[in-house]
A.B. asks: 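This is the structure I want to talk about, given as structure tokens.
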Amino acid sequence: MSLLRITPSIHSSVSSRLWRLSVFLLLSLPDSKGKAIWTAHLNITFQVGNQSISELGESGVFGNHSPLERVSGVVVLPEGWNQNACNPMTNFSRPERADSWLALIEGGGCTFTHKINVAAEKGANGVIIYNYPGTGNRVFPMSHQGTENIVAVMIGNLKGMELLHLIQKGVCVTIIIEVGRMHMPWLSHYVISLFTFAAATVAYLFLYCAWRPRVPNSSTRRRRQIKADVKKAIGQLQLQVLKEGDKELDPDENSCVVCFDIYKPQDVVCILACKHFFHKACVDPWLLAHRTCPICKCHILKT
Ligand SMILES: [Zn+2]
Ligand SMILES: [Zn+2]
């Protein structure tokens with residue numbers, strides 16, 4: 001396995017880099033206590049001529065401090081020359097017959113808490129705030145501490161402007177706000193970070209294994225040199241092909257101590273400097289591994 005080939009010093013440097021990377025990723029995570037985001041379904045109904053038009057979309061998000069409740073009512077605009085309801089005296093052009101109404105307020109100019117409180121004091125049952133101009137239909141969960149008793153959702157600027165223009169033209173718009181789905185942005189961020197970290201680790205190890213220096217270190221070079229010397233010494237050893245009448249064939253006197261077999265005519269034996277002899281096929285691998293005579297331990301490189 002590639003990992004096992006990493007030398008201890010390099011291995012510790014890889015570990016320390018990976019450790020630093022994981023700490024960086026953990027620190028870059030958003031607050032893990034971050035709240036879940038709840039989307040809001042807006043069921044919008046309005047009259048065009050004799051026709052009643054309805055549209056439903058997951059087009060808003062609940063504020064961080066909003067109750068997660070269904071609320072409905074006629075949509076009402078702030079009175080005056082702007083729509084941001086930052087003036088505490090702001091009135092809302094509420095239709096007399098409407099039991100329940102929702103304030104539609106433009107974002108910006110003051111805090112969300114301030115806008116929501118202004119609408120709540122005038123009796124709104126819910127507040128819809130549309131995002132700042134130039135933000136398209138992007139939304140974010142508003143922070144509005146201290147207004148926990150009234151439903152507050154944010155919708156995109158484009159959707160808000162669309163509703164604003166309809167109401168300004170005298171169209172009666174009714175909205176039912178319903179609780180949508182929960183999103184855990186920090187969780188998906190965590191999962192993405194974890195995948196990024198795993199991918200970075202695998203890529204780092206892969207690249208390290210692919211590109212690590214191929215030059216052998218000094219101990220590897222020494223081992224290779226010894227192996228070459230042993231092979232050379234083995235090649236220089238005296239060989240003999242046994243034939244009938246040779247004293248080496250006496251089974252009471254001689255047998256190969258590597259394979260414990262007696263010698264037979266035509267066997268090729270290898271005679272070491274110490275005069276001990278063995279089957280060549282038996283002693284060659286032994287010498288490569290041990291470099292000494294199997295009987296007297298005499299070293300083949302020292303004789
Ligand atoms: Zn043998
Ligand atoms: Zn020997």
Side-chain angles (χ1 to χ4, degrees), residues 1-26 190-303:
M1 190 175 154
S2 314
L3 255 175
L4 296 176
R5 294 208 299 265
I6 299 173
T7 59
S9 62
I10 293 168
H11 190 258
S12 64
S13 123
V14 171
S15 323
S16 89
R17 276 184 227 179
L18 290 178
W19 167 248
R20 269 179 281 161
L21 179 62
S22 59
V23 168
F24 167 75
L25 284 169
L26 281 173
Y190 178 77
V191 169
I192 289 167
S193 299
L194 210 63
F195 270 104
T196 311
F197 174 63
T201 308
V202 169
Y204 185 88
L205 290 175
F206 176 80
L207 291 177
Y208 176 79
C209 293
W211 289 345
R212 80 201 167 88
R214 294 286 173 189
V215 181
N217 59 28
S218 62
S219 72
T220 310
R221 278 200 302 273
R222 212 172 97 78
R223 273 201 304 278
R224 283 183 188 171
Q225 183 58 49
I226 291 172
K227 202 171 173 183
D229 291 347
V230 170
K231 277 185 178 170
K232 193 178 167 194
I234 291 171
Q236 287 169 349
L237 290 172
Q238 189 189 341
L239 299 179
Q240 186 181 337
V241 181
L242 300 180
K243 53 185 188 303
E244 292 290 355
D246 282 348
K247 62 178 178 4
E248 288 86 355
L249 291 177
D250 179 359
D252 298 329
E253 290 289 325
N254 297 310
S255 64
C256 171
V257 300
V258 183
C259 68
F260 299 112
D261 220 349
I262 55 166
Y263 296 111
K264 297 179 285 294
Q266 303 308 313
D267 279 359
V268 180
V269 294
C270 182
I271 303 160
L272 305 194
C274 54
K275 300 301 172 197
H276 289 123
F277 59 93
F278 315 89
H279 287 120
K280 176 170 169 55
C282 297
V283 83
D284 279 5
W286 170 278
L287 290 174
L288 270 176
H290 300 90
R291 298 173 227 153
T292 55
C293 168
I295 295 173
C296 69
K297 306 289 175 200
C298 129
H299 203 287
I300 62 160
L301 294 180
K302 290 174 186 165
T303 49

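Side-chain atoms are counted along with the backbone in the values below, which use heavy atoms only and exclude waters and symmetry mates. Counting starts at 1 for both ligands and their atoms, in listed order.
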A.B. asks: Side chains of Ile295 and Leu272, heavy atoms from C-beta outward: is any pair under 4.5 Å?
C.D. replies: no
A.B. asks: So what's near the Zn ion (ligand 1), protein N, O or S atoms under 2.8 Å?
C.D. replies: Cys256 SG, Cys259 SG, His279 ND1, Cys282 SG
A.B. asks: Can any side-chain N or O of Asp284 pair as donor or acceptor with the backbone N or O of Ala281 at less than 3.5 Å?
C.D. replies: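 No: the side chain of Asp284 does not pair with the backbone of Ala281.
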A.B. asks: So, Trp286 side chain and Cys293 main chain: donor-acceptor pair closer than 3.5 Å or not?
C.D. replies: no
A.B. asks: Classify the ring geometry between Tyr208 and Tyr204 as parallel (under 30°), tilted (30 to 60°) or perpendicular (over 60°).
C.D. replies: parallel
A.B. asks: With 2.8 Å as the limit, jot down which protein N, O or S atoms are around the Zn ion (ligand 2).
C.D. replies: Cys274 SG, His276 ND1, Cys293 SG, Cys296 SG
A.B. asks: By the definition side chain to side chain contact (heavy atoms under 4.5 Å, CB included), identify the one residue from Ile234, Asp229, Thr292 that meets it with Ile300.
C.D. replies: Ile234
A.B. asks: One pair to check against side-chain contact (heavy atoms from CB on, under 4.5 Å): His279 and Asp261. What are the steps and the verdict?
C.D. replies: CA-CA 9 Å; His279 287 120; Asp261 220 349; 4.1 Å; yes
A.B. asks: Can you find a heavy atom in the side chain of Arg291 that is under 4.5 Å from one in the side chain of Ile226?
C.D. replies: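 Yes - at least one pair of side-chain heavy atoms lies under 4.5 Å apart.
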A.B. asks: Who are the ring-ring contact (aromatic ring centres under 6.0 Å, His included) partners of Phe277, not counting sequence neighbours?
C.D. replies: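 In terms of ring-ring contact (aromatic ring centres under 6.0 Å, His included), with neighbours along the sequence ignored, Phe277 is linked to Tyr263.
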A.B. asks: Scan for ring pair (Phe, Tyr, Trp, His ring centres under 6.0 Å) pairs involving residues 226-252, sequence neighbours excluded, and state none if there are none.
C.D. replies: none
